[in-house]
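Position 1 is the first residue of the sequence, and the numbers go up from there. Note that ligands are numbered from 1 as they come in the structure, with each ligand's atoms numbered from 1 the same way.
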Amino acid sequence: MLSGKCILIGITGGIAAYKICELIRKFKKKGADVKVVCTPNALNFVTKLTLQNLSQNEVYVEEFDVKNWKPEHISLADEADIMIIAPATANTISKIARGIADNLLTSVACAFSKKMIIAPAMNCNMWKNQAVQENINILKARGIEILEPESGFLACGYLGKGRLCSIEKIYGAVDEALNYSQILKGKKVVVTAGGTVEDIDPVRYISNYSSGKMGFAISDAAYQMGAESVLITTKNFEAPYKIIKVKSAMDMQNALNEEFDQADYIIMAAAVADYRVKEYSKQKIKKTESDNLTLELVKNPDILRSLCEKKTHQTVVGFCAESENLLQNANEKIAKKGCDFLVANDISRSDIGFSSDDNEVTILDKSGRIKKLEKASKQVIARQILEYIHG
Ligand code: PMT
């Protein structure tokens, strides 16, 4: 339920502006107070009257249309529990990233200090533009949630990534954000994400298909639940909390050892390579006349197990990626690793697990309890995992 929540929607000048009418209707149906602020260009795509009728509130456009002593951009920023900007054009995204406040919407954004979600929509080449991507990274690093555009036919006639994500996705992200409880305040949560990279020579390496998405969602969720999040990852990621970039399993182990003593929760969502080459070749390995090439591999340390062996107050959570006999393998793994919880992932399905936006997992604990989390976005699964392990 969104009853009692004030949702501020910022609409900018893009063709997808008309879709926001449906979003406003959905929020109103759930009892939210919806306020709408538009850039002047947004009104080329959707009328003020429509937005006013649907939101049952005045629609704000002009910065100096002063009605009370408090400037409008401050009142709107103060009243709202969350701000969504959808569709967000390249222009507005870039202004917000650089702190430019030259209309009512960008001024409100500049004065807004609570949760903000931005759903960009634009031509695919504009989305790929380096300036836009740099500005998106700036916003992510500040803790602003970006709901990336989807691929498909664009209004400009192109086929590519740039279409506003679905209204359901925006609705879900808002609902999710407003329902976060601060249960992890005062706790330190260390999360690993992504596949480790084990170099063979200057050209080749051993790795796996882990994108890091599951781990990112967990460290973001922990942060939103009030925790001090620390993310140890092999992938590039922007967030407003500490991120330690690593490459190999050995690097990951060193970083974890540094963070371990002060941590309350260690969540090992990374896919760590079990083996690395015995000897790294400083020079590129040359093709020979032989049809075979033998690489000798040696075992990487089992980081999860070593952490479980030395843990004192920490809750240690392992993940496992299985392509068959999910529960049987997970049961054996939790016993072998000695962790408090094990989150079992089925990687035989293409719609969940590696690289996908959704997941469906089963959480085992060391007393034999089992909890299945039904398929949902990795963000929702992340929150559910944290709530479950926190108890
Ligand atoms: O990153 P995504 O694309 O979003 O995909 C998410 C995921 C499927 C990768 C993730 O949810 C997942 O399942 N991660 C664990 C993958 C894995 O390495 O499973 P495993 O069964 O090989 O290892 C079990 C546990 O031991 C893991 O917590 C792993 O981090 C840890 N481990 C493994 C090997 C090793 N040498 N040291 C370890 O600590």
Inset, instruction - Quick one: look up the protein heavy atom nearest atom 20 (P) of ligand 1 and list residue, atom name and how far away it is. - result: K333 NZ, 3.8 Å
Inset, instruction - Pull out every atom of ligand 1 sitting under 4.0 Å from any heavy atom of S355, numbered as shown with elements. - result: 2 (P), 3 (O)
Inset, instruction - Report yes or no: does Q253 have a heavy atom closer than 4.0 Å to ligand 1? - result: no
Legend entry - Closest protein heavy atom (residue, atom, distance) for atom 11 (O) of ligand 1: N345 OD1, 3.0 Å
Inset, instruction - For ligand 1, find out whether one of its N or O atoms is nearer than 3.5 Å to an N or O atom of N359. - result: no
Inset, instruction - Decide, yes or no, whether a salt bridge links E322 with K333 under the criterion of side-chain N to carboxylate O below 4.0 Å. - result: yes
Legend entry - Heavy atom of K378, distance to ligand 1 below 4.0 Å: yes
Legend entry - Atoms of ligand 1 close to G212 [distance to a heavy atom under 4.0 angstrom, numbered from 1]: 1 (O), 2 (P), 3 (O)
Inset, instruction - For the pair K336 and E332, find out whether any cationic side-chain nitrogen is under 4.0 Å from an anionic carboxylate oxygen. - result: no
Inset, instruction - Below 4.0 angstrom from a heavy atom of A270, which ligand 1 atoms are there? Numbered from 1 as shown, please. - result: 14 (N), 15 (C), 16 (C), 18 (O), 29 (C), 30 (O)
Legend entry - Check ion pair E148-K140 (N to O, under 4.0 angstrom): yes
Legend entry - Element-labelled atoms of ligand 1 that are located less than 4.0 Å from some non-hydrogen atom of K213: 1 (O), 2 (P), 4 (O)
Inset, instruction - Would you check if there is a donor-acceptor pair between the side chains of D346 and S348 at a distance under 3.5 Å? - result: yes
Inset, instruction - Please identify which atoms of ligand 1 are closer than 4.0 Å to at least one heavy atom of L304. - result: 25 (C), 26 (O), 28 (O), 31 (C), 38 (C), 39 (O)
Inset, instruction - Name the closest protein heavy atom to atom 34 (C) of ligand 1, giving the residue it belongs to and the distance to 0.1 Å. - result: D274 OD1, 3.2 Å
Inset, instruction - Would you confirm whether N57, through its side chain, and V34, through its main-chain N or O, come within 3.5 Å as a donor-acceptor pair? - result: yes
Legend entry - Contact partition for P301 relative to ligand 1, non-hydrogen atoms under 4.0 Å: backbone
Inset, instruction - Give the residue, atom name and distance (to 0.1 Å) of the protein heavy atom nearest atom 19 (O) of ligand 1. - result: A321 N, 3.4 Å
Legend entry - Protein residue, atom and distance nearest to atom 10 (C) of ligand 1, heavy-atom basis: A269 O, 3.5 Å
Inset, instruction - Between I303 and ligand 1, find which residue part has any heavy-atom pair under 4.0 Å and reply side chain, backbone, both or neither. - result: both
Inset, instruction - Could you find the nearest protein heavy atom to atom 23 (O) of ligand 1 and give me its residue, atom name and distance? - result: F319 O, 3.7 Å
Inset, instruction - For a side chain to side chain contact (heavy atoms under 4.5 Å, CB included) with S55, tell me which candidate from V36, D33, T50, I20 qualifies. - result: V36
Legend entry - Test item: side-chain donor near acceptor, N103 and T39, under 3.5 Å: no
Legend entry - atom 17 (C) of ligand 1 - nearest protein heavy atom and its distance: A271 CA, 3.9 Å
Legend entry - Test side-chain contact (heavy atoms from CB on, under 4.5 Å) applied to Y171 and L2, step by step: CA-CA 11 Å; Y171 179 87; L2 298 173; 3.9 Å; yes
Legend entry - Salt bridge R369-D365, side-chain N to carboxylate O under 4.0 Å: yes
Inset, instruction - Please say whether T192 places an N or O atom under 3.5 Å from an N or O atom belonging to ligand 1. - result: no
Legend entry - Close N or O approach (I347, ligand 1; < 3.5 Å): no
Legend entry - N or O contact, S211 vs ligand 1, cut-off under 3.5 Å: yes
Legend entry - Pair K188 + D264: basic N to acidic O under 4.0 Å: no
Legend entry - ligand 1 to G318 polar contact by distance, N or O atoms, under 3.5 Å: no
Legend entry - M268 neighbourhood, listing ligand 1 atoms whose heavy-atom distance to it stays under 4.0 Å: 27 (C), 28 (O), 30 (O), 39 (O)
Inset, instruction - Let me know which of D357, D358, N359 forms a side-chain hydrogen bond (donor to acceptor under 3.5 Å, both in side chains) with K213. - result: D357
Inset, instruction - Inspect the contact between D175 and K30 and indicate whether a charged nitrogen and a carboxylate oxygen are less than 4.0 angstrom apart. - result: no
Inset, instruction - List the closest protein heavy-atom neighbour of atom 6 (C) of ligand 1: residue, atom name, distance to the nearest 0.1 Å. - result: M214 CB, 3.7 Å
Legend entry - SB check E228 K242 (cutoff 4.0 Å): no
Legend entry - K375/D351 salt bridge by N-O under 4.0 Å criterion: yes
Inset, instruction - List every atom of ligand 1 that sits less than 4.0 Å from any heavy atom of S210, numbering the atoms from 1 in the order shown and giving each element. - result: 1 (O), 2 (P), 3 (O), 9 (C)
Inset, instruction - Quick one: do S248 and D199 satisfy side-chain contact (heavy atoms from CB on, under 4.5 Å)? Show the steps, please. - result: CA-CA 8 Å; S248 64; D199 283 337; over 6 Å; no
Inset, instruction - Could you list which atoms of ligand 1 come closer than 4.0 Å to a heavy atom of D302? - result: 36 (N), 37 (N), 38 (C), 39 (O)
